Amino acid sequence: FGILPMILGSIYVTAGALIVGVPIGILTAVFLAKYCPKKWYRILKGGVDLLAGIPSVVYGFFGLVVLVPMVRDTFGGNGNSILTASLLLGIMILPTIIETSEAAIQAVPDKYYEGALALGDTHERSVYRTVVPAAKSGILAGIILGVGRAIGETMAVIMIAGNQARMPAGLLKGGRFTPRSVNCDGRCPVCLYPDYQFIVLTLKEKEGGLDGKWFEKTKAEMESTCKT
């Protein structure tokens with residue numbers, strides 16, 4: 001009991017989201033600002049803006065349908081894990097990091113880039129050794145905003161990371177996270193549904209309305225879901 005498991009769970013998931021989202025977000029921002037052809041820019045920029053407007057529950061459904069089976073088939077376990085939550089939150093923070101970092105890169109005066117070229121640098125060295133360091137304050141601001149989005153996310157984490165009130169035991173195990181405990185603490189339908197199913201199955205077995213083997217299999221699945 002206590003708040004420490006929730007704090008550690010939030011830290012682990014947020015750190016995993018940053019490992020996934022920060023490199024991809026910064027590289028995407030650099031591509032959009034300095035490499036992307038004009039005919040593709042509007043399409044890709046519109047896609048990034050669209051990602052920023054998708055509700056959390058839709059991301060959570062995507063995680064249930066795509067990421068949970070992928071992690072389960074690739075790494076084992078039941079898929080409802082800290083790793084899955086980190087992957088999903090890494091995707092969710094991408095629009096914030098990309099848009100803020102791109103704006104910071106484009107705000108760097110052209111004379112920085114032109115001066116680097118005049119000194120003999122290639123296009124890549126001019127961008128990564130001159131322009132990107134000059135925009136580091138704006139890029140850092142985007143990362144901080146991404147941390148805020150990741151550490152405060154509730155619905156998507158509830159849907160895919162489980163609800164186990166104990167110390168995090170590994171990337172492939174579930175956990176409980178601070179925003180989830182603050183916002184619903186087991187009182188929302190997503191949190192209550194596995195327990196509700198288990199109660200209904202138990203009552204039906206006592207009434208003699210279920211086949212024994214099928215009940216034991218389903219009961220085991222419900223217990224696993226409730227624990228994770």
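This is a predicted model, so every value here is computed, not measured.
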Peer 1: Which pairs count as ring pair (Phe, Tyr, Trp, His ring centres under 6.0 Å) when at least one residue sits in residues 79-107, sequence neighbours excluded?
Peer 2: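 For residues 79-107, and leaving out neighbouring residues, there are no ring pair (Phe, Tyr, Trp, His ring centres under 6.0 Å) pairs at all.
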
Peer 1: Out of curiosity, does V48 fall in the hydrophobic cluster containing V22 (side-chain heavy atoms, cut-off under 4.5 Å, transitive links)?
Peer 2: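 Result: yes, single cluster for both.
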
Peer 1: Apply ring-ring contact (aromatic ring centres under 6.0 Å, His included) to Y59 and list each qualifying residue two or more places apart in sequence or on a separate chain.
Peer 2: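 Expected list: none.
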
Peer 1: Decide whether L89 and I54 are clustered together by the hydrophobic rule: side chain heavy atoms of Ile, Leu, Val, Met, Phe, Trp, Tyr closer than 4.5 Å, transitively.
Peer 2: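 They do share one cluster, since a chain of ILVMFWY contacts under 4.5 Å joins L89 to I54.
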
Peer 1: Which pairs with one or both residues in residues 60-97 pass ring pair (Phe, Tyr, Trp, His ring centres under 6.0 Å), sequence neighbours excluded?
Peer 2: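 Output for this query is empty, none listed.
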
Peer 1: Rest of the hydrophobic cluster containing I144 (Ile/Leu/Val/Met/Phe/Trp/Tyr, side-chain heavy atoms under 4.5 Å)?
Peer 2: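 For the cluster that includes I144, the remaining residues are L140.
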
Peer 1: Please tell me whether L27 and L32 are part of a single hydrophobic cluster in this structure, the criterion being side-chain heavy atoms less than 4.5 Å apart.
Peer 2: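 As far as the 4.5 Å side-chain criterion goes, L32 and L27 are connected within one cluster.
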
Peer 1: Quick one: side chains of residues 64-71, donor-acceptor pairs under 3.5 Å with protein atoms, not counting sequence neighbours, listed by atom name and distance.
Peer 2:
none

Peer 1: Where is the tightest heavy-atom contact between S126 and L117, given as atom of each residue plus distance?
Peer 2: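 In this case the closest contact between S126 and L117 is OG-CD2, 3.4 Å.
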
Peer 1: Suppose we screen for side chain to side chain donor-acceptor pair (under 3.5 Å). Which residues come up paired with S56, at least two apart in sequence or across chains?
Peer 2: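 Applying side chain to side chain donor-acceptor pair (under 3.5 Å) to S56 gives E153.
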
Peer 1: Residues in ring-ring contact (aromatic ring centres under 6.0 Å, His included) with F31, at least two apart?
Peer 2: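 Checked F31 against ring-ring contact (aromatic ring centres under 6.0 Å, His included); zero matches.
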
Peer 1: Once salt bridge (Lys or Arg N to Asp or Glu O under 4.0 Å) is applied, what residue pairs with a partner in residues 19-30 remain, sequence neighbours excluded?
Peer 2: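 Of all non-adjacent pairs touching residues 19-30, none passes salt bridge (Lys or Arg N to Asp or Glu O under 4.0 Å).
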
Peer 1: Got a sec, which pairs hit ring pair (Phe, Tyr, Trp, His ring centres under 6.0 Å) with one end in residues 85-144, sequence neighbours left out?
Peer 2: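 Qualifying pairs: Y35-H123, Y113-H123.
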
Peer 1: Report all side-chain donor-acceptor pairs from residues 90-108 shorter than 3.5 Å, counting only partners two or more places apart or in another chain.
Peer 2:
from : atom 1 : to   : atom 2 : distance (Å)
T100 : OG1    : T96  : O      : 2.9
S101 : OG     : I97  : O      : 2.8
E102 : OE1    : K45  : NZ     : 2.9
E102 : OE2    : Y41  : OH     : 2.4
E102 : OE2    : Q106 : NE2    : 3.2

Peer 1: Do any pairs count as a side chain to side chain donor-acceptor pair (under 3.5 Å) and have a residue in residues 61-70, sequence neighbours left out, and if so which ones?
Peer 2: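 Passing the test, one end in residues 61-70: no pairs.
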
Peer 1: Among residues at least two apart in sequence or on other chains, which ones pass salt bridge (charged side-chain N to carboxylate O under 4.0 Å, His left out) with D121?
Peer 2: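 If we apply the salt bridge (charged side-chain N to carboxylate O under 4.0 Å, His left out) test to D121, skipping adjacent residues, the hits are R125.
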
Peer 1: Taking all heavy atoms of T130 and all of A116, pick out the closest pair and write down the distance.
Peer 2: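 Heavy atoms only, the tightest pair is OG1-CB, 3.6 Å.
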
Peer 1: Look at the side-chain heavy atoms of Ile, Leu, Val, Met, Phe, Trp and Tyr, link any pair under 4.5 Å apart, and say whether L44 and V127 land in one connected group.
Peer 2: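 Cluster IDs for L44 and V127 match.
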
